[in-house]
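Input: a single structure, listed below in structure tokens.
It should be emphasised that the depicted structure is a prediction, and the values quoted were computed from it without experimental measurement. Numbers restart at 1 for each chain; the letters A, B, ... are given by sequence-line order, proteins then strands. The figures here come from the full heavy-atom set of this structure, side chains too, leaving out hydrogens, waters and symmetry mates.
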There are 2 protein chains.
Amino acid sequence: MDTALDRAVRVFCERGYHATSIGDLTAAMRLATGSVYKAFRDKQAVFLAAFERYAAVRREQTRSAAARGTNGRERLRHVLLSYVEHSQGIEGRRGCIVVGGAVELAALDPDVRARVNAQLETNETFIAGLIREGQADGSIPAHVATDDTSRLMICITQGMRVVGKARLPLDGERLVGVAMKLLA
Amino acid sequence: MDTALDRAVRVFCERGYHATSIGDLTAAMRLATGSVYKAFRDKQAVFLAAFERYAAVRREQTRSAAARGTNGRERLRHVLLSYVEHSQGIEGRRGCIVVGGAVELAALDPDVRARVNAQLETNETFIAGLIREGQADGSIPAHVATDDTSRLMICITQGMRVVGKARLPLDGERLVGVAMKLLA
DNA sequence: GATAATAGGGAATGATTGTTCCCAAATCAA
DNA sequence: TTGATTTGGGAACAATCATTCCCTATTATC
């Protein structure tokens with residue numbers, strides 16, 4: 001079932017919510033219509049489950065990117081680098097289900113909006129934590145405004161997914177190199 | 001007809017492409033079904049026309065925001081401030097048709113993707129121009145990497161629209177204050 | 001003033017949508 | 001082996017979709 005959900009994630013990322021029909025889902029998940037409706041209440045429930053699965057996977061990827069750094073600043077740098085990589089190429093073109101949910105459904109579906117906001121806030125809190133770590137270990141100056149900087153970085157990461165979906169190329173090292181000035 | 005198109009812009013911004021039915025459009029534009037199809041070839045043509053109209057209006061708003069500054073750095077600051085303002089509150093919740101087009105249609109409709117890319121590149125070129133102005137008038141250091149910085153700023157502006165649509169609050173002065181470090 | 005041309009309105013249409021219902025195969029219990 | 005229960009599959013359904021067609025005012029032309 002998790003593998004079927006992974007396939008649903010791909011379709012929702014690529015086509016968004018409304019352009020994905022139940023037929024698209026059954027084809028991707030290799031399940032019949034009745035089976036999908038036996039596993040999920042309706043299409044929105046499939047989307048929310050796919051959203052949850054996507055968020056969990058991405059959260060893990062981001063944590064492990066952070067673990068590649070040896071201090072707060074380096075951990076943050078690797079998180080940003082990881083975001084650029086995921087916003088590029090084939091995965092970038094496929095898109096992000098959080099951004100898709102925000103743009104396509106935030107105004108129409110309170111459940112999805114709540115999940116999107118929760119996800120954005122989790123990410124922001126994580127980044128803010130890394131900034132504080134850096135300030136504690138001396139790799140980030142104490143005068144950096146933690147909350148404002150982490151919120152701006154959320155804007156950067158979400159924006160990269162928009163730009164990546166539009167297929168503008170993103171150079172990881174150079175883009176992140178510039179973004180790290182925010183920690184000066 | 002321009003006023004009808006303005007109303008179409010609002011619907012497309014708020015609901016996106018696929019969730020907007022012809023019925024939604026006729027209600028918003030105060031036109032009957034037949035009239036819409038007499039003025040436009042199909043739904044995609046309405047969207048593209050609305051996109052064009054939206055882009056023209058936003059372009060003008062951005063230019064006039066830039067005009068409020070007295071040097072390159074200040075002009076860029078006002079542009080960023082303007083973006084935060086438009087990403088917030090009722091307009092932020094309504095959303096941006098460029099971001100919506102990128103996220104919802106870039107993978108499905110080559111025409112829309114081309115228009116989205118053109119718009120992103122226009123904005124990026126405009127920002128890059130402001131950076132160069134600032135470097136010429138001495139308000140921005142010469143060592144600032146123009147292309148990388150302007151691309152990152154596009155990510156920031158597009159990301160603010162995603163975050164604003166999700167209804168996370170954005171504090172203009174503080175966010176832009178942090179973002180201006182990119183010009184150090 | 002009569003007629004042609006245009007613009008706007010809305011019912012009809014066929015395709016597609018999300019959802020439900022029911023059937024067949026397989027698994028388990030006795 | 002039976003019978004009961006679950007699991008997966010797909011046809012059927014009503015609703016909604018984008019689009020077309022045709023009718024009625026209104027404007028323009030002679």
Taking atom [atom2] of [N] as reference, at what distance in whole Å does atom [atom1] of [X] sit?
X	N	atom1	atom2	answer
A/D42	C/dG18	CG	P	11 Å
A/F12	C/dG18	CZ	P	9 Å
A/F47	C/dG18	CZ	C1'	16 Å
A/D24	C/dT16	CG	P	12 Å
A/L31	D/dG10	CG	C1'	13 Å
A/I22	C/dT17	CD1	P	10 Å
B/K43	D/dA18	NZ	P	4 Å

Between the base of D/dG8 and the side chain of A/K38, is there a donor and acceptor pair under 3.5 angstrom?
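Answer is yes: a donor-acceptor pair is held.
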Which part of the nucleic acid does B/T20 contact within heavy-atom distance under 4.0 Å: base, sugar-phosphate only, or nothing?
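If one applies the 4.0 Å heavy-atom cut-off, B/T20 turns out to touch the sugar-phosphate alone, with no base involved.
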With a cut-off of less than 4.0 Å, is there a side-chain N or O of A/T33 near OP1 or OP2 of D/dG10?
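It does not, given that no N or O in the side chain of A/T33 lies less than 4.0 Å from OP1 or OP2 of D/dG10.
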Is any side-chain N or O of B/S35 closer than 4.0 Å to OP1 or OP2 of C/dG9?
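Yes, such a contact exists.
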In the structure I gave you, are the side-chain heavy atoms of A/D171 and B/D148 within less than 4.5 Å of one another anywhere?
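A/D171 vs B/D148: side chains apart.
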Side-chain heavy atoms nearer than 4.5 Å, only ILVMFWY residues, links allowed to pass through others: does that put A/F12 and A/V162 together?
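Result: no, two separate clusters.
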Look at atom CZ of A/R7 and say whether more than 12 heavy atoms of other residues, nucleotides or ligands are closer to it than 6.0 Å.
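Atom CZ in A/R7 is packed in, count exceeds 12.
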Return the 5'-most residue of the pair A/Y17, A/G34 with respect to DNA chain C, ranking by each residue's nearest nucleotide.
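Its nucleotide being nearer the 5' end, the pick is A/Y17.
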Carboxylate-amine/guanidinium proximity below 4.0 Å for B/R94 and B/E91
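Here B/R94 does not pair with B/E91 in a salt bridge, since their nearest N and O are not under 4.0 Å apart.
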Would you mind checking if A/R73 and A/E133 are paired as a salt bridge, meaning a charged N to carboxylate O distance below 4.0 Å?
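Judged by the 4.0 Å cut-off on N to carboxylate O distance, A/E133 and A/R73 do not form a salt bridge.
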Considering only side-chain heavy atoms of [X], which listed nucleotide, [options], is closest?
X	options	answer
B/Y37	C/dG10, C/dT19, D/dA18	D/dA18
A/S21	D/dG8, C/dG18, D/dA11	C/dG18
B/A32	C/dG9, D/dT19, C/dT20	C/dG9

